[in-house]
Amino acid sequence: MSNNARVPTYDSLDKIYATSALGKQGARYNNLIQKFTEIYGRKPDFIARSPGRVNLIGEHIDYCGFGVMPMAIERDCIIAVATTDQDTKVRIANVNPKYEAREFDFEGKEKIVTIDDTKHEWTNYFKCGYKGMLERAKDLEKPKGMYLLLDGSVPAGSGLSSSAAFVCSAALATIEANKLPLSKQELTEIAIVAERNVGVNSGGMDQAASVFSEQQYALHVEFVPRLSTQLVKLPETQPPMAFVIANTLVTADKFVTAPRNYNLRVVETRMAALFLSRALGLDHQVDSLKEVYDLYFKGDNSSSDVEKYDKLLDAAIQAFPQDKSNGQGYTLEEVAEMVNLPAQTLHERYMTRFPVETDYFRLVQRTRHVFTEERRVVQFAAVCKHADANTLQELGAIMNASQESCDKYYNCSCPEINTVCDIARNNGAYGARLTGAGWGGCTVMLTTEPNVPKLIKAIKDQYYAIKFPNLTPEELDDAVLATQPGSGSAVYVGF
């Protein structure tokens, strides 16, 4: 796949969605265009589209520098756009009346636009993509004014990457409106950095999956030495494989919970890398576990990837000092002693840009998860490429092991996720695991196409009927759904 390719422009929805989704999506796009015309008194010029994603394997390791394997889903963020040369204002509305219409103006080339990340304001995500793109567009003196209407179908806080879908769509809308000559690679790299403007330390998997995905393929995304993607054809099995996504409806808003969950895990893995680079006698101190891996095996071509992860994990576990807190982890002062740096230096280096709240840092547990999870990514890709009669069982076992590690060593699962995964495995799922950041949100299950109705019914009866008995049929159909790997970002002009 060429990372220098441009985002495609389509005049037909069948280039974007599976045949089974065309009726529903056609009605949705027509509704968006009609509402846009009602609000602004003109038709849009184009629609920018970026999907959510489900991560099949490789959780919480993208920001450690390791590769992951997501796929795009049908659910997405679409933004109808019309431009004007009369001013540089951006006017943005949402088909969901819950989100109030806003407008803001271009503040000049130095500032672009102000983003107040202390306020949980929905349009901040658009501002992120807008700001990131215009910062890259050095030669653009005056951006177009824009009229915007958004329709997002990726549930917020579900672990299906609604924020990345929004930021990528916003960035794509800005590119297309101003005719900026930017590739998929540049769109992805800018969107990764841009989302950090709302206070979330994003790793990059979500944006890459949203932009680069193609139907019927998973996407192996790697980040070192730079972002690269490789399509992985999902194997043809008998009966055909299918994926079911079930939202636990436990909302995990990264903006609110990041200091004690997501941001903390980023810091813990970087502290672990800093310690291991010193304890294992590597050439220089680093702060990503991928750099530890690369330095530790520099020049070693004798071992397989799987063997290397096992060897490094054994060395790492032996290197960490005894945990005196009965499994709680190390205090900041203990970590400072381990890495031979003042506690204040560690605080300034790791805990100022992105807020962190904790008394202990669980470096051993996080390291164990990261190295074993990357091993699982390698194994998953290998099984896909060499499919046989046991493919479904093998892929399912890898997904189940990932869930156990997320729960036990990364502490990013929750009782509701564990319950849904158990129900799934008892009703024909070969594998079931959390997907996304965790702490609520969605689960993904591997099953077969004939088993999808049974599996969905079991989750509705045994989870939603008990925990959320007042859900409407429409809400239930939104919460648990079958999906196939979908296409990535696109511009639509077929109207």
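Positions are given from 1, in the same order as the sequence printed here. Since this is a predicted model, take the numbers as computed values, not measurements.
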Inset, instruction - Using a strict cut-off of less than 4.0 Å between a Lys/Arg side-chain nitrogen and an Asp/Glu carboxylate oxygen, indicate whether Glu186 and Arg136 qualify as a salt bridge. - result: yes

Legend entry - Minimum side-chain heavy-atom gap Phe354-Val266 below 4.5 Å: no

Legend entry - Contact summary for Thr367 and Ala316, nearest pair of heavy atoms: CG2-CB, 4.1 Å

Inset, instruction - Indicate whether any N or O donor in one side chain lies under 3.5 Å from an N or O acceptor in the other, for Arg353 and Asn263. - result: no

Legend entry - Candidate pair Glu307 and Lys311, rule salt bridge (charged side-chain N to carboxylate O under 4.0 Å, His left out), full reasoning: CA-CA 6 Å; Glu307 289 170 334; Lys311 285 181 183 178; 5.7 Å; no

Inset, instruction - Using modelled atom types only, decide if a donor and an acceptor are shared between the side chain of Thr331 and the backbone of Tyr360 within a distance under 3.5 Å. - result: no

Legend entry - salt_bridge(Asp62, Lys290) N-O dist < 4.0 Å: no

Inset, instruction - Kindly determine whether Glu373 and Ser402 satisfy side-chain hydrogen bond (donor to acceptor under 3.5 Å, both in side chains), including the steps that lead there. - result: CA-CA 6 Å; Glu373 186 74 351; Ser402 172; 2.8 Å; yes

Inset, instruction - List the atom of Leu219, the atom of Ala208, and the distance in Å for their closest heavy-atom pair. - result: CD2-O, 3.6 Å

Legend entry - Between Tyr409 and His369, ring centroids under 6.0 Å: no

Inset, instruction - Mark yes or no for whether Ser169, through its side chain, and Cys77, through its backbone, hold a donor-acceptor pair below 3.5 Å. - result: yes

Inset, instruction - Give a yes or no answer on whether the side chain of Asn400 reaches the backbone of Ala432 with a donor-acceptor pair at less than 3.5 Å. - result: yes

Inset, instruction - Flag yes if more than 12 heavy atoms outside Gln393 fall under 6.0 Å of its CD atom; otherwise flag no. - result: yes

Inset, instruction - Please check if the side chain of Ser210 supplies one atom and the backbone of Asp206 the other of a donor-acceptor pair under 3.5 Å. - result: no

Legend entry - Taking every non-hydrogen atom, the tightest pair across Thr435 and Glu59: CA-OE1, 3.6 Å

Legend entry - Side-chain heavy-atom pair Ile317, Val364 within 4.5 angstrom cut-off: yes

Inset, instruction - Using modelled atom types only, decide if a donor and an acceptor are shared between the side chain of Arg53 and the backbone of Met205 within a distance under 3.5 Å. - result: no

Inset, instruction - Using a 4.5 Å cut-off on heavy atoms from C-beta on, say whether the side chain of Arg366 contacts that of Met271. - result: no

Legend entry - Glu195 and Gln207: side chain donor to acceptor below 3.5 Å: yes

Legend entry - Exceeds 12 heavy-atom contacts within 6.0 angstrom, atom CG of Asp359: no

Inset, instruction - Would you tell me whether Thr483 and Glu74 have side-chain atoms, one donor and one acceptor, within less than 3.5 Å of each other? - result: no

Legend entry - Within-4.5 Å side-chain heavy-atom neighbours: Leu289 and Val370: yes

Legend entry - Criterion side chain to side chain contact (heavy atoms under 4.5 Å, CB included) against Tyr464, the qualifying member of Thr248, Asn470, Val480: Val480

Legend entry - Lys184 backbone acceptor or donor facing Thr188 side chain under 3.5 Å: yes

Legend entry - Exam field: side chain Glu222 to backbone Val224, donor-acceptor pair closer than 3.5 Å: no

Inset, instruction - Under the side chain to side chain contact (heavy atoms under 4.5 Å, CB included) rule, what do Val68 and Ile57 come out as? Steps first, then yes or no, please. - result: CA-CA 6 Å; Val68 295; Ile57 199 74; over 6 Å; no

Inset, instruction - In sequence, state the C-alpha distance, the side-chain angles, and the governing distance for Arg368 and Thr372, and then conclude on side-chain hydrogen bond (donor to acceptor under 3.5 Å, both in side chains). - result: CA-CA 6 Å; Arg368 184 184 294 277; Thr372 59; over 6 Å; no

Legend entry - For Ala458 against Asn427, the heavy-atom pair lying closest together: CB-CG, 3.4 Å

Inset, instruction - Establish, yes or no, whether the cationic atom of Arg362 lies under 6.0 Å from the six-membered ring centre of Tyr330 and within 45° of the ring axis. - result: no

Inset, instruction - Determine, stepwise, if the pair Glu404 / Arg433 fulfils salt bridge (charged side-chain N to carboxylate O under 4.0 Å, His left out). - result: CA-CA 8 Å; Glu404 182 180 6; Arg433 59 183 293 279; over 6 Å; no

Legend entry - Tyr410 side chain reached by Gln365 side chain, heavy atoms, under 4.5 Å: no

Inset, instruction - Of all the heavy-atom pairs spanning Ala170 and Ile79, show the shortest one and how long it is. - result: N-CD1, 3.8 Å

Legend entry - Stepwise side chain to side chain contact (heavy atoms under 4.5 Å, CB included) check, Leu231 with Thr229: CA-CA 7 Å; Leu231 291 168; Thr229 60; over 6 Å; no

Legend entry - Check against side chain to side chain contact (heavy atoms under 4.5 Å, CB included), Glu449 and Thr237: CA-CA 10 Å; Glu449 285 184 5; Thr237 59; over 6 Å; no

Legend entry - Flag side-chain contact, heavy atom, 4.5 Å: Met71 against Pro51: no

Inset, instruction - Determine whether more than 12 heavy atoms belonging to other residues, nucleotides or ligands lie under 6.0 Å from atom NZ of Lys233. - result: yes

Inset, instruction - Go through the steps to decide whether Tyr63 and Phe223 satisfy the test ring-ring contact (aromatic ring centres under 6.0 Å, His included), and finish with yes or no. - result: CA-CA 9 Å; Tyr63 52 75; Phe223 307 93; 9.8 Å; no

Inset, instruction - Could you please spell out the steps behind the salt bridge (charged side-chain N to carboxylate O under 4.0 Å, His left out) verdict for Lys298 and Asp294? - result: CA-CA 6 Å; Lys298 191 174 182 180; Asp294 288 341; over 6 Å; no

Legend entry - Sub-6.0 Å ring centroid separation between Phe320 and Phe275: yes

Inset, instruction - Kindly determine whether Met445 and Ile459 satisfy side chain to side chain contact (heavy atoms under 4.5 Å, CB included), including the steps that lead there. - result: CA-CA 11 Å; Met445 307 132 196; Ile459 294 168; 3.6 Å; yes

Inset, instruction - Go through the side-chain N and O atoms of Asn418 and Ser413 and say whether any donor and acceptor fall under 3.5 Å apart. - result: yes

Inset, instruction - Test side-chain hydrogen bond (donor to acceptor under 3.5 Å, both in side chains) on Ser288 and Glu291 and set out the steps. - result: CA-CA 5 Å; Ser288 90; Glu291 290 177 287; 3.2 Å; yes

Legend entry - Parallel, tilted or perpendicular: ring planes of Phe166 versus Phe126, cut at 30 and 60 degrees: tilted

Inset, instruction - Determine the minimum heavy-atom distance between Tyr430 and Thr447, stating which atoms define it. - result: CD1-CA, 4.2 Å

Legend entry - From CA spacing to verdict: side-chain hydrogen bond (donor to acceptor under 3.5 Å, both in side chains), Gln185, Ser183: CA-CA 5 Å; Gln185 178 84 17; Ser183 65; over 6 Å; no

Legend entry - Check: Arg425 and Gln403 side chains under 4.5 Å, non-hydrogen atoms: yes

Inset, instruction - Taking the side chain as every heavy atom from C-beta outward, state whether Leu264 and Phe361 have any pair of such atoms under 4.5 Å apart. - result: yes

Inset, instruction - Give me the ring orientation class for Tyr262 and His60: parallel if the planes are under 30° apart, tilted from 30 to 60°, perpendicular past 60°. - result: tilted

Legend entry - salt bridge (charged side-chain N to carboxylate O under 4.0 Å, His left out) between Lys460 and Asp477, intermediate numbers included: CA-CA 9 Å; Lys460 286 181 177 179; Asp477 289 340; 3.0 Å; yes

Inset, instruction - Indicate yes or no: does Arg375 engage Asp305 in a salt bridge with an N to O separation below 4.0 Å. - result: no

